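Here's the structure, in C-alpha cells; my notes come after.
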2 protein chains.
Amino acid sequence: MSALLERLRGRGWRVTSQRRVVAEVLEGDHVHLTADEVHARAVQRLPEISRATVYNTLGELVSLGEVIEVSTDGRAKRYDPNAHHPHQHLVCSRCGTIRDVRPTGDPLADLPAQERFGFTVSEVEVTYRGLCPSCA
Amino acid sequence: MSALLERLRGRGWRVTSQRRVVAEVLEGDHVHLTADEVHARAVQRLPEISRATVYNTLGELVSLGEVIEVSTDGRAKRYDPNAHHPHQHLVCSRCGTIRDVRPTGDPLADLPAQERFGFTVSEVEVTYRGLCPSCA
DNA sequence: TTCTTGACCTGGACTATGTCCATTGTAGGA
DNA sequence: TCCTACAATGGACATAGTCCAGGTCAAGAA
C-alpha cells in the first residue's frame with residue numbers, strides 16, 4: 001500500500017477499493033487531471049465506481065491537504081497530488097499542458113502593506129502562461 | 001456616451017442598447033461581477049435583455065481587451081473592467097470579496113530559465129488569498 | 001471466523017454555468 | 001426612408017458539480 005494510503009488510514013480513513021483506485025490514478029509528477037479524467041481512469045480498474053464517489057474522494061483528499069485543487073482555465077477543476085512541495089503552475093495557452101514550477105523568492109513579499117487593504121494575506125497562487133515547445 | 005463605447009464604435013462595433021447597458025453595468029473600480037450578476041443588473045435597466053446577449057457581449061469585450069476574465073474560485077468566471085492597468089487580485093477566502101492590487105516587481109522575472117521547460121512565457125496571473133478585515 | 005455497525009458507495013435526479021442555433025429585430029449607411 | 005448585415009432572443013443543449021435515499025462493506029470485537 002502506498003505511503004499516502006498509510007497516512008490516511010492512520011488518520012482514521014477507511015480504505016476502500018474505490019479510494020485506493022483514486023489514489024493510484026493520482027500518482028506521479030506533473031499530474032493535473034480533472035474529476036472526469038480521474039473517473040475515466042478509475043473505471044478502467046474498477047468498472048462500477050461512480051462519479052459521486054470520485055468527487056467525494058477528491059474533495060476529501062483536498063480537505064486533508066493531500067491533493068491541491070487547481071483551476072487554471074475556468075473550466076473543470078484539476079487535481080494535483082504534488083501537495084507536499086510548494087509550487088506554482090506553468091500552463092500552455094494553446095494546448096493546456098500544465099507543469100509544476102518553482103519560482104525564486106517569496107511571492108507574498110511582493111505585496112506591500114498599503115496594497116493589502118487590511119487583509120490578513122496567507123497564500124499566493126501564481127499561474128504563468130505561454131506556449132509550450134510543441135505549440136510554439 | 002462613455003469613452004469605452006466610443007472606442008468600440010471606432011473599431012466597427014455596432015452600439016446597441018443591450019451592449020450599452022452591459023458596458024454601463026461594468027463601470028467602476030474593484031468591479032468583479034459574474035455573468036449572471038451582470039445579467040441581473042442589466043435586466044433592471046433593460047428588462048428584455050437575454051442571458052445569451054450578456055454572455056456574447058462579455059465575450060466580445062474580453063476579445064477586444066476591454067475586460068479581463070477572472071476565475072478566482074473555480075466557480076463562475078468574473079469580469080473585471082480594469083483592463084488598462086495591469087494588476088493582480090486579492091481574494092477573501094471566506095466571503096469572496098475581490099480587490100485589485102499591484103504587487104511590486106515583475107513576477108515574470110521570478111521564474112528562472114531552467115524552470116520554464118522550454119515554454120515561451122508571456123503572462124503571469126497572481127491571486128493572493130487571506131481574510132478581509134470584516135471576516136478576520 | 002463470524003458478527004456488527006457506522007461509514008461508504010451507488011445511480012439518478014437536480015443545480016449551476018455556459019454554449020448553440022433558428023428566428024426575429026434593428027443600427028447605421030445609401 | 002429603406003436595406004441589409006449584424007445583433008438579440010429564447011429555448012434546447014452541454015458540461016461540471018452536488019445531493020440524497022437506500023444498499024454495501026471495512027475493520028474492530030468476540
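Chain naming here is simple, since letters A, B, ... match the order of the sequence lines and numbering starts at 1 in each. Not measured: the values here are computed from a predicted model.
In this structure, A:Leu58 atom CG and D:dT18 atom C1' are separated by 14 Å, rounded to whole Å. Between the C1' atom of D:dA7 and the CG atom of B:Leu5 lies a distance of 15 Å, rounded to the nearest Å. Rounded to whole angstrom, the span from the NE2 atom of B:His39 across to the C1' atom of D:dA8 amounts to 11 Å. Rounded to an integer number of Å, the gap from CD1 of A:Ile49 to C1' of C:dG12 is 17 Å. The interatomic distance linking A:Glu69 (CD) with D:dA16 (P) rounds to 14 Å, in whole Å. For the pair A:Leu46 CG and C:dC8 C1', the interatomic distance rounds to 13 Å; values are reported in whole Å. To the nearest angstrom, P of C:dA7 lies 17 Å from CD of A:Gln18. As rounded to whole Å, 14 Å separates atom C1' of D:dA7 from atom CZ of B:Arg20.
Between the two ends of the helix from C:dT1-D:dA30 to C:dA30-D:dT1, each summarised by a five-pair axis, the helix axis turns through 30° (rounded to 10 degrees).
Rounded to the nearest 0.5 angstrom, B:Asp73 CG and A:Ser71 OG are separated by 7.5 Å.
The closest side-chain heavy-atom distance from A:Val31 to A:Tyr79 is not below 4.5 Å. Side-chain contact between A:Ile49 and A:Val43 is present, with heavy atoms from C-beta onward closer than 4.5 Å.
Between A:Glu66 and A:Arg7 there is a salt bridge, since a side-chain N of the basic residue sits under 4.0 Å from a carboxylate O of the acidic one. The existence of a salt bridge linking B:Glu115 and A:Arg99 is excluded, since no basic side-chain nitrogen approaches an acidic carboxylate oxygen closer than 4.0 Å. Remark: B:Arg41 does not engage B:Glu24 in a salt bridge, criterion side-chain N to carboxylate O under 4.0 Å. A salt bridge links B:Arg78 to B:Glu37: one of the charged nitrogens lies within less than 4.0 Å of a carboxylate oxygen.
More than 12 heavy atoms of other residues, nucleotides or ligands sit less than 6.0 Å from atom CG of B:Asp106.
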What string of B, S and - do you get for nucleotides 17-30 of chain C, 5' to 3', when a contact is any protein heavy atom under 4.0 Å? SBBB-----BBS--

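When the side-chain nitrogen and oxygen atoms of B:Ser50 are compared with OP1 and OP2 of D:dA8, none of them lie within a distance under 4.0 Å.
Here the rule is ring pair (Phe, Tyr, Trp, His ring centres under 6.0 Å) with A:His87, and of A:His84, A:His89, A:His85 only A:His89 fits it.
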